[in-house]
Amino acid sequence: MTDTTLVRDLERTGQDHIVQHLSKLEPSARARLERQLAEFDYDLVARLADIAGQDGPERSVSDFEPAPVLPLSRPPESVRAARQIGAEAIGAGTVAAFVVAGGQGSRLGYDGPKGCYRIGPISGKSLFQVHAEKTLAAARRHGAAIPFYVMTSRTNDAAIRSFFEQNDHFGLGGENVLLCPQRVLPAFDKAGRFILAAPDRVFVSPDGHGGAYHALLAGGALDDMARRGIEHISYVQVDNPLVPTIDPLFIGEHIRAESDMSSKVLEKREPMEKLGVFGYVDGELRVIEYSDMSDDLKRARRHDGSLKYRYGSIAVHVIDRQFARRMAEVDLPFHVARKRIPYVNTEGERIEPKEPNGRKVERFVFDAIPLARNPVVMEVSRADEFAPVKNAEGDDSPATCRAALMARDRRRLARAGIVAPDDVAVEISPLFDLNADHLAEAGLSDLSGRDRIYLE
Ligand code: UTP
C-alpha cells in the first residue's frame with residue numbers, strides 16, 4: 001500500500017494517473033517509484049504544474065531601453081586601473097572559479113557529461129581540463145590559490161566526480177575542487193501531469209542554471225568560500241572553453257563598481273542571433289531572452305542606423321559571494337521550456353514523441369540581476385571569449401569551437417613573433433607560459449614540414 005500522505009499529495013497536485021499506475025506495479029518497482037515520489041516538495045509541484053500548464057509565450061516585451069555597456073574600446077588608463085584592481089583581488093586569494101556543468105547537453109548528443117567532451121584541437125583535452133588548467137595557470141600567475149567549484153546535477157554528478165579523480169583533479173589539488181549537485185524537478189505534460197520516463201521512474205531534469213545559487217549553498221561551497229576568504233565568484237559555462245575562467249579586467253570592473261553581479265556581452269553577429277539582451281524593463285535591468293523579443297524588435301535600429309539591441313549575453317558573470325547567498329534564499333521565477341520527452345504510456349510502451357510533449361521548468365542565473373546592486377555589463381571580443389559547444393554540427397559545434405581555439409592560439413603565437421601558416425594546426429596549453437625563453441626552447445624557428453604546433 002502506498003503511503004497515504006503520498007497519495008494525498010499526488011491527488012491534490014493532479015497526479016491521479018500516478019496513483020493508479022502505482023497500484024498496478026509489482027512491489028519492487030512500486031517501491032522504487034514511491035521512493036522517488038517521496039522526495040518531491042508537493043507545494044512546489046502544485047506551483048510548477050500550474051506554471052507548466054499555462055499556454056502562450058511567457059513574457060514578450062515591447063520596446064525597451066538597452067543597458068549601458070562598458071565598450072571594448074575604452075580609455076587605456078581606465079582598463080589598466082581596473083585590471084590592476086582585479087589582479088590584486090586574485091593575488092589576495094579572494095576570487096574563485098565556478099563552472100556550471102549540470103546541463104543535459106542534449107543538443108550535442110554526446111554520451112556522457114558535456115564537460116568530459118574532448119575539445120582540445122590537438123591535445124584532445126576535455127572541456128573540464130581546459131577550464132581547470134586556465135584556472136591553475138591564473139593561480140600560478142597571480143601567486144594565490146583559486147578554488148574551483150563545479151555545478152553538477154544528479155544525473156552526471158557521479159561520472160564527473162570520478163572523471164576529476166581519475167585525472168588527479170587536473171593538477172588543481174583535490175582540496176581545491178568542490179562539486180555541487182543542483183536540484184532536479186519533474187517535467188509536466190500540458191495538463192500539468194508528471195511524465196513517466198520508465199514504469200518505475202518519473203522524468204526529472206536539472207532546475208536550470210538558476211539552480212546555481214542553491215547548489216552552491218547546499219553543496220557547502222558558500223561556506224567553503226567564506227572560510228577561504230573568497231569574495232568574488234567567477235562564473236562560466238562548461239561549454240565555452242574560450243572564455244577565461246579568471247579575468248582580472250572583468251573582476252576589476254566588478255569590484256570598482258561595487259557590483260553584486262556583473263556580466264559579459266559581445267556584439268551580436270546578426271540581429272537574429274540567439275542571445276539574450278540586457279535592458280531595462282519596468283525600470284529594472286534584466287536579461288531579455290531572444291525568444292521574448294519579436295523579430296521586429298530584434299531588428300530595430302537607432303537613428304544612426306546602428307542596431308538598437310546590439311549586444312548579446314554570453315552567460316559569464318562575476319557574482320559577489322554574499323549576494324549569491326542571498327539569492328539562494330530568494331524565490332527566483334520559473335520559466336517553462338517545451339521539449340520532446342520520451343515517455344512510457346499506460347501499457348508500458350516507450351514512445352519517442354515527434355513534437356514537444358513536455359514542459360520543463362527552470363530557473364535562470366541572470367534573474368538575480370534585477371536584485372543586484374550596481375550591475376556592470378562589459379563588452380568582450382567574440383574571437384577571444386566566445387565559442388560555445390551546443391550542437392553536434394553546424395553553428396556552435398565542436399568544429400566551430402576548435403577553429404576558434406586554434407585561431408586564438410595562432411594570434412597569440414603571431415604576437416610572440418611566430419606566424420604559423422593557415423594549414424598548420426596550433427594549440428597552446430593554458431599551462432604553457434608564452435615567453436621568449438619557452439618559445440626558443442620549443443624550436444619553432446623553422447616551421448617547414450610541420451603540420452601542427454602544440455605547446456604544452
Ligand atoms: P544550455 O542549456 O545552453 O546547455 O546550458 P546544456 O544544458 O548543456 O545543453 P542542451 O540545452 O540540453 O543541449 C548552458 C550552460 O548552463 C549549464 C550547462 O551545463 C551549460 O554549461 N546548465 C544548464 C546547468 O549547469 N544546469 C542546468 O540546469 C542547465
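Just so you know, ligand 1 is whichever comes first in the structure, and atom 1 is the first atom listed for that ligand. Being a predicted model, the structure only gives us computed values, none of them experimental.
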Could you walk me through whether E133 and R140 satisfy the salt bridge (charged side-chain N to carboxylate O under 4.0 Å, His left out) test, starting with their C-alpha distance in whole Å, then the side-chain angles of each, then the deciding distance to 0.1 Å, before giving a yes or no? CA-CA 10 Å; E133 290 187 348; R140 289 181 181 159; over 6 Å; no
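Taking the ring pair (Phe, Tyr, Trp, His ring centres under 6.0 Å) definition, one finds that F194 meets it with F40, F188, sequence neighbours left out. By the ring pair (Phe, Tyr, Trp, His ring centres under 6.0 Å) test, Y290 pairs with no residue at all, sequence neighbours left out.
Near ligand 1, residues V100, A101, G102, G103, Q104, G105, S106, R107, K114, M151, Q182, P206, G208, H209, Q237, V238, D239, K390 each place a heavy atom inside the 4.0 Å sphere around the ligand atoms.
Within the structure, every pair that satisfies the salt bridge (Lys or Arg N to Asp or Glu O under 4.0 Å) test and touches residues 222-233, not counting sequence neighbours, is listed here: D223-R325, D224-R227, D224-R228, E231-R321.
The NZ atom of K134 lies 5.5 Å from the OG1 atom of T245; values are rounded to the nearest 0.5 Å.
Proximity of the aromatic rings of F98 and Y235 is defined here by a centroid distance below 6.0 angstrom, and this criterion is met.
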